[in-house]
Amino acid sequence: MHQQSLVESFNAAIEGFVYVFKSQRNMRLHFLMGLFAVLLGILLNFTHIEIIALCLTIAFVLFAEMFNTAIEYTVDLVSQEYHPLARIVKDICAGAVLLSAMIAIVVGYILFVSRAGIRIEDNIIKIRESSWHITFIILILILVIVVLSKLFLNKGTPFRGGMPSGHSAVAFSIGTVISLLYPNSLVIFLVFILAFLVARSRVSSQIHSLMEVFMGAMVGILTTVFIFQLLRR
């Protein structure tokens, strides 16, 4: 095998980066967002430690995206036909990109919020006083509970089928939120009728069993009540 020179190695590395940048929309999005974050950090007079942390986080996301693209092409090269293991490999790589992006959001939030002079403690107080923020947190938490439950029970896919029903959980959670914020008997009756219709549609479509729908409703109601009681004390 021909051993590449130093210049050829650099050319190959640059061509690889350019190819991923041109062919992958997510790569372009991550790169532009990272560039914007670095420029904004410079304008806000980030310290050299903060800039290093920001650059390392951005590089981590870009590396994950490039790694994901390389693995996808390798799997397609080895197996032209559909194979469940090939799908799992691609899903794992996509999950790595998602995880890196979530970490980048957390790091960016901490850096920019602290630079703007906003204390995280103040934001927590604002969240506890805002029904919009509490509702958003509840819905995100319910989605996490539903997805993790399906993964542990190994039933269905994260967003279709399995125990518990995500649609039922979200529908009954929304109904519970409305009933807690607007304690009007007619409103409560109507929103839970809508939630019941959503749950019934999952059973009639044979996507979920009656038990899966019932457990989804319990997850939605209990999680919502618990978060409201926790944050509104």
Side-chain angles (χ1 to χ4, degrees), residues 29 33 37 94-95 98-99 101-233:
L29 179 63
M33 291 180 64
L98 177 61
L99 178 62
M102 293 173 62
I103 293 174
I105 291 173
V106 173
V107 173
Y109 174 80
I110 294 174
L111 290 176
F112 285 104
V113 166
S114 61
R115 178 56 58 176
I118 302 173
R119 298 190 309 166
I120 296 179
E121 294 84 354
D122 296 336
N123 285 338
I124 293 176
I125 294 175
K126 291 181 180 179
I127 288 174
R128 295 181 64 174
E129 295 175 350
S130 172
S131 300
W132 288 93
H133 286 93
I134 294 177
T135 302
F136 180 74
I137 291 172
I138 289 171
L139 294 178
I140 294 297
L141 181 60
I142 286 175
L143 289 177
V144 171
I145 292 174
V146 169
V147 171
L148 291 179
S149 298
K150 292 181 179 181
L151 292 177
F152 283 118
L153 296 174
N154 198 25
K155 291 184 178 180
T157 63
F159 295 103
R160 183 179 177 84
M163 172 73 82
S165 169
H167 286 74
S168 298
V170 172
F172 277 91
S173 173
I174 293 174
T176 306
V177 168
I178 294 175
S179 65
L180 291 173
L181 294 177
Y182 308 99
N184 181 288
S185 57
L186 179 60
V187 173
I188 295 174
F189 174 75
L190 292 176
V191 294
F192 276 103
I193 285 294
L194 290 176
F196 174 78
L197 292 176
V198 171
R200 182 180 180 277
S201 68
R202 307 305 289 176
V203 177
S204 60
S205 300
Q206 296 183 347
I207 298 175
H208 288 284
S209 66
L210 186 60
M211 179 57 68
E212 291 170 347
V213 165
F214 174 77
M215 292 303 298
M218 290 297 99
V219 168
I221 294 173
L222 296 178
T223 303
T224 303
V225 173
F226 175 76
I227 296 299
F228 257 87
Q229 292 295 324
L230 181 66
L231 298 181
R232 284 297 183 90
R233 288 186 301 177

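Bear in mind the structure is a predicted one, so any value in this text is a computation, not a measurement.
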TODO: Decide yes or no for Asn184 and Phe189: does some side-chain heavy atom of the first lie under 4.5 Å from some side-chain heavy atom of the second?
DONE: no
Task: Distance (rounded to the nearest 0.5 Å) between Thr176 OG1 and Phe226 CZ - done: 15.0 Å
- [ ] Mind checking the CD1-OG1 spacing from Ile142 to Thr223? Nearest 0.5 Å is all I need.
- [x] 5.0 Å
Task: Over all atoms of both residues, closest heavy-atom pair of Thr224 and Ser173 - done: OG1-OG, 2.7 Å
TODO: Could you tell me the separation between the CG atom of Leu197 and the OG atom of Ser204, rounded to the nearest 0.5 Å?
DONE: 10.0 Å
Task: Side chains of Val170 and His167 in contact at under 4.5 Å (non-hydrogen atoms) - done: no
- [ ] Would you indicate whether Met102, at its atom CE, is surrounded by more than 12 heavy atoms from other residues, nucleotides or ligands within a distance under 6.0 Å?
- [x] no
TODO: With the side chain counted from C-beta on, respond yes when Ser179 and Val187 share a heavy-atom pair under 4.5 Å apart, and no when they do not.
DONE: no
TODO: State, to 0.1 Å, how close Ile188 and Tyr182 come at their nearest heavy-atom pair, and which atoms those are.
DONE: CG1-O, 4.2 Å
Open item on the list: Ignoring hydrogens, what is the shortest heavy-atom contact between Val219 and Pro164? Give both atom names and the distance.
Closed with: CG2-CG, 4.3 Å
Task: Separation between CZ of Arg202 and OG of Ser209, rounded to the nearest 0.5 Å - done: 12.0 Å
TODO: Hey, could you give me the CD1/CG distance between Ile227 and Leu180, rounded to the nearest 0.5 Å?
DONE: 12.0 Å
Task: Closest non-hydrogen atom pair, Phe172 against Ala199 - done: CE1-CB, 4.0 Å
Open item on the list: So, taking the atom named CG in Leu139 and the one named CD1 in Ile174, what distance separates them when rounded to the nearest 0.5 Å?
Closed with: 5.5 Å
Task: Side-chain touch Leu181/Phe228, heavy atoms, less than 4.5 angstrom - done: yes
